[in-house]
Amino acid sequence: MRFIYAALAAALAHTAASSAVPAVLETRVIPAPIDCEEYGKYIGIRDGTGAEYSVGCADLTYACLKLNGTSIWSHAECVAAATCQGTRGVIILNQCQNHNVAHAASIPNLSGAVYATIVGSAAAAANAPITQQNYIDFVFGQMSAAGVTQWPTAAEVISNWWTPIKTWTATGNSIPYSNFNDWLHYSETDTD
Ligand SMILES: *[C@@H]1O[C@H](CO)[C@@H](O)[C@H](O)[C@H]1NC(C)=O
Ligand SMILES: *[C@@H]1O[C@H](CO)[C@@H](O)[C@H](O)[C@H]1NC(C)=O
């Protein structure tokens, strides 16, 4: 009898220990901060590349994060940051500071206002695609607004940031709204 009680007590103790669910859940949540820390170190370096660090891109990413938004593709700062940082880094860094930021595919569409900032309002109304010159002007405009002091050259903007997007969308020398919007949502995943 005493043995049974002892066994029962042991079983209960075991149950109590293994039902420490919060501890288990906590260890599952821990990878997020590690990701966040890791991504924090790559601010200014395009996702998954050994590309050179760009101070201007880092400034854009910080300008985006400062807004702490959830519809991040409604913020020109975040769209510009995504083009140089990569969508994954920008999305994850936003998720790190605000858990309401959805996964890549569920983030609301690129806003018409931001598209008009990129191509101009007449071109946006005519549903015209983004040209290389539109993109260069957009990135430099957003860098200027972000107070950038160390600028990339236009050649760097083209080869490091515009060309990879153009390659992904495969729409020739310009990129229509829907393809650019797809690039924002599907070019990289924000989960491992
Ligand atoms: C960002 O917003 C989230 C959700 O409202 C909030 O919990 C968090 O403290 C904010 N972070 C910053 C840095 O403002
Ligand atoms: C987002 O844009 C895509 C096209 O790029 C469209 O098919 C979809 O309906 C839009 N979603 C919303 C919620 O507007």
Side-chain angles (χ1 to χ4, degrees), residues 22 25-45 47 55 57-132 134-135 138-139 142 145-148 161-191:
L25 285 181
E26 257 161 41
T27 56
R28 283 203 187 143
V29 171
I30 284 170
I34 292 169
D35 258 3
C36 295
E37 228 172 84
E38 214 159 274
Y39 273 96
K41 290 179 195 152
Y42 285 94
I43 290 179
I45 300 173
D47 293 346
V55 183
C57 182
D59 289 345
L60 282 179
T61 299
Y62 287 121
C64 164
L65 292 172
K66 205 171 162 190
L67 301 171
N68 199 22
T70 51
S71 288
I72 58 175
W73 308 142
S74 299
H75 296 298
E77 295 88 334
C78 296
V79 173
T83 66
C84 66
Q85 182 73 57
T87 57
R88 181 184 160 94
V90 167
I91 292 168
I92 288 181
L93 286 162
N94 273 283
Q95 288 168 341
C96 289
Q97 67 178 9
N98 189 335
H99 291 219
N100 300 317
V101 176
H103 285 301
S106 306
I107 292 173
N109 281 338
L110 172 67
S111 74
V114 173
Y115 196 68
T117 303
I118 302 172
V119 297
S121 41
N127 213 9
I130 305 168
T131 64
Q132 177 178 290
N134 290 154
Y135 174 67
F138 172 67
V139 165
Q142 291 306 308
V148 166
W161 305 336
W162 170 252
T163 301
I165 303 171
K166 214 177 66 161
T167 302
W168 191 90
T169 59
T171 53
N173 284 328
S174 61
I175 306 176
Y177 169 93
S178 59
N179 303 80
F180 185 63
N181 185 52
D182 282 349
W183 178 82
L184 288 169
H185 289 87
Y186 306 114
S187 63
E188 297 177 81
T189 167
D190 58 331
T191 51

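All values reported here derive from a predicted model rather than from experimental measurement. Both counts, for ligands and for their atoms, begin at 1 and track the order of listing.
Between the CD1 atom in I107 and the CH2 atom in W73 there is a gap of 5.5 Å [rounded to 0.5 Å]. Separating the CG atom in L93 from the OG1 atom in T61 is a distance of 7.5 Å, to the nearest 0.5 Å.
Every residue was checked against the side-chain hydrogen bond (donor to acceptor under 3.5 Å, both in side chains) condition with N179, not counting sequence neighbours, and none meets it. In this structure N181 satisfies the side chain to side chain contact (heavy atoms under 4.5 Å, CB included) test together with N109, L110, Y177, H185, sequence neighbours excluded. Every residue two or more places apart in sequence or in another chain that forms a side-chain hydrogen bond (donor to acceptor under 3.5 Å, both in side chains) with T171 is listed here: T169.
With contacts defined as side-chain heavy-atom distances shorter than 4.5 Å, the pair T117/Q142 qualifies.
Every N/O-N/O distance between Y177 and ligand 2 stays at or above 3.5 Å.
Those atoms of ligand 2 that come under 4.0 Å of a heavy atom in N181, given as number and element, are 1 (C), 2 (O), 5 (O).
Paired with Y135 under the rule side chain to side chain contact (heavy atoms under 4.5 Å, CB included), one option of V119, I118, I130 passes, and it is I130.
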Show the distances, to 0.1 Å, for all pairs joining an N/O atom of ligand 1 and a protein N/O atom that are shorter than 3.5 Å, listing one pair per line.
unit_1	atom_1	unit_2	atom_2	d
ligand 1	2 (O)	N68	ND2	2.5
ligand 1	2 (O)	N98	ND2	3.3
ligand 1	11 (N)	N68	ND2	2.9
ligand 1	14 (O)	N68	ND2	3.1

